[in-house]
There are 2 protein chains.
Amino acid sequence: MTDNIHLKKAGLKVTLPRLKILTILEQAKERHVSAEDVYRALLASKEEIGLATVYRVLTQFEAAGIVKKHHFESGQSVFELDDGGHHDHLVCIQCSQVEEFMDQAIEKRQQEVAEQAGFLMTDHSLNIYGLCKRCQ
Amino acid sequence: MTDNIHLKKAGLKVTLPRLKILTILEQAKERHVSAEDVYRALLASKEEIGLATVYRVLTQFEAAGIVKKHHFESGQSVFELDDGGHHDHLVCIQCSQVEEFMDQAIEKRQQEVAEQAGFLMTDHSLNIYGLCKRCQ
DNA sequence: ATGTATGCAAAACATTTGCACCTGG
DNA sequence: CCAGGTGCAAATGTTTTGCATACAT
């Protein structure tokens, strides 16, 4: 299975917790999940994996470039599989659902703004908060 | 003094802690400060104000539109006086210094992106992370 | 075998809250 | 005087860590 390769390539031992967590991230209905979400999903599938391990594994995955971590307003961090493509987020303040978008014009202007300020941009995050279609 | 008016207009009693905290926000070298920063500044000026009060007052100030609260990557929230004008942020990942900017083209595109997705935008935050001039 | 991962419980943070006391209008 | 504000300590919610045990290679 391709998951093993993913992990090995990242220099991580192929362990059951890591595989399970990776599977959950791949099969989650919502692409953007919190550590707690992952933990609950593990419990639901009768896995004996501690919350501490979930945090440790997600942190390792982030360092390995397997997932991306975001800090929305909610207080807890959310993770999503990193498919390599950059995008920004629309976050519903009612149902917490997250949609992704990507706008070349904005990306370009950001780069220009950073340059103009003498900043060496390493990263950026743009989140639009509001009510999604269903919550209005 | 204009601070009293600020507070009264917000329906807040003019108390010593509130005045002191407002003064600190106005006189801070760095416009963007954490609750802890404010608390330390109070200690430095020999004020007997608890950290809980700092949080309470800052939260009230936010509700009253006196300050804005931001969640950068750092884990703690930072506050800045709200002068009414919207702007986004350039955050130095080394020295934590924050610069402000505002770009009409980006603002406009954001609005369009939200509309296109059927989102009713209530708020948005754009943060560019990187190394500031001095830290490169 | 052996170095790395894990589970559990405890610690560490940032922030909030309950409650008795104090204070501004 | 008295509603509202404050200080302190304890509670909360999230994330991290120490350590003895279990597991992958």
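The sequence lines fix the lettering, A, B, ..., with proteins before strands; numbering per chain opens at 1.
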Rounded off to whole Å, could you give me the [atom1]-to-[atom2] distance for the [X] and [N] pair?
X	N	atom1	atom2	value
B:H70	C:dA14	NE2	C1'	18 Å
A:K8	C:dT4	NZ	P	17 Å
A:Y39	C:dT6	OH	C1'	13 Å
B:E48	C:dT23	CD	P	12 Å
B:R40	C:dA14	CZ	C1'	13 Å

DNA chain D: first to last nucleotide in contact with chain A (atom under 4.0 angstrom from a heavy atom), 5' to 3', is D:dT14 to D:dT25
Pairs meeting criterion side-chain hydrogen bond (donor to acceptor under 3.5 Å, both in side chains) with involvement of residues 38-54 of chain A, two or more places apart: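 Pairs touching residues 38-54 of chain A that pass the test: A:D37-A:R40.
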Mind checking B:L16 for me? I need base, sugar-phosphate or nothing, with any heavy atom below 4.0 Å counting as a touch. nothing
side-chain hydrogen bond (donor to acceptor under 3.5 Å, both in side chains) involving A:S77 - partner list, sequence neighbours excluded: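 Testing A:S77 for side-chain hydrogen bond (donor to acceptor under 3.5 Å, both in side chains), a comparison that skips the adjacent residues, returns A:H71.
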If the condition is side-chain hydrogen bond (donor to acceptor under 3.5 Å, both in side chains), which residues does B:E36 pass it with, not counting sequence neighbours?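 So B:E36 forms no side-chain hydrogen bond (donor to acceptor under 3.5 Å, both in side chains) with any residue.
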Partners passing side chain to side chain contact (heavy atoms under 4.5 Å, CB included) against [X] (at least two apart in sequence or in another chain):
X	answer
B:Y129	A:T122, A:D123, A:S125, B:F72, B:E73, B:V91, B:I93, B:N127
A:S74	A:Q76
B:K13	B:T15, B:R18
A:A10	A:L12, A:A64, A:I66

Tell me the salt bridge (charged side-chain N to carboxylate O under 4.0 Å, His left out) pairs involving residues 78-92 of chain A, sequence neighbours left out? A:R31-A:E80, A:R31-A:D83, A:K68-A:D82
Indicate for each nucleotide in nucleotides 15-22 of chain C, in 5' to 3' sequence, whether protein heavy atoms under 4.0 Å reach the base (B), only the sugar-phosphate (S), or nothing (-). BBBB----
Which angle, to the nearest 10 degrees, lies between the helix axes at the two ends of the helix from C:dA1-D:dT25 to C:dG25-D:dC1, each defined by five pairs?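 It comes to 30° between the two terminal axes.
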Under 4.5 Å between any side-chain heavy atoms of B:Q104 and B:M102, yes or no? yes
Donor-acceptor contacts under 3.5 Å from residues 21-28 of chain A side chains, at least two apart:
residue : atom : partner : partner atom : Å
A:T23   : OG1  : A:L19   : O            : 2.8

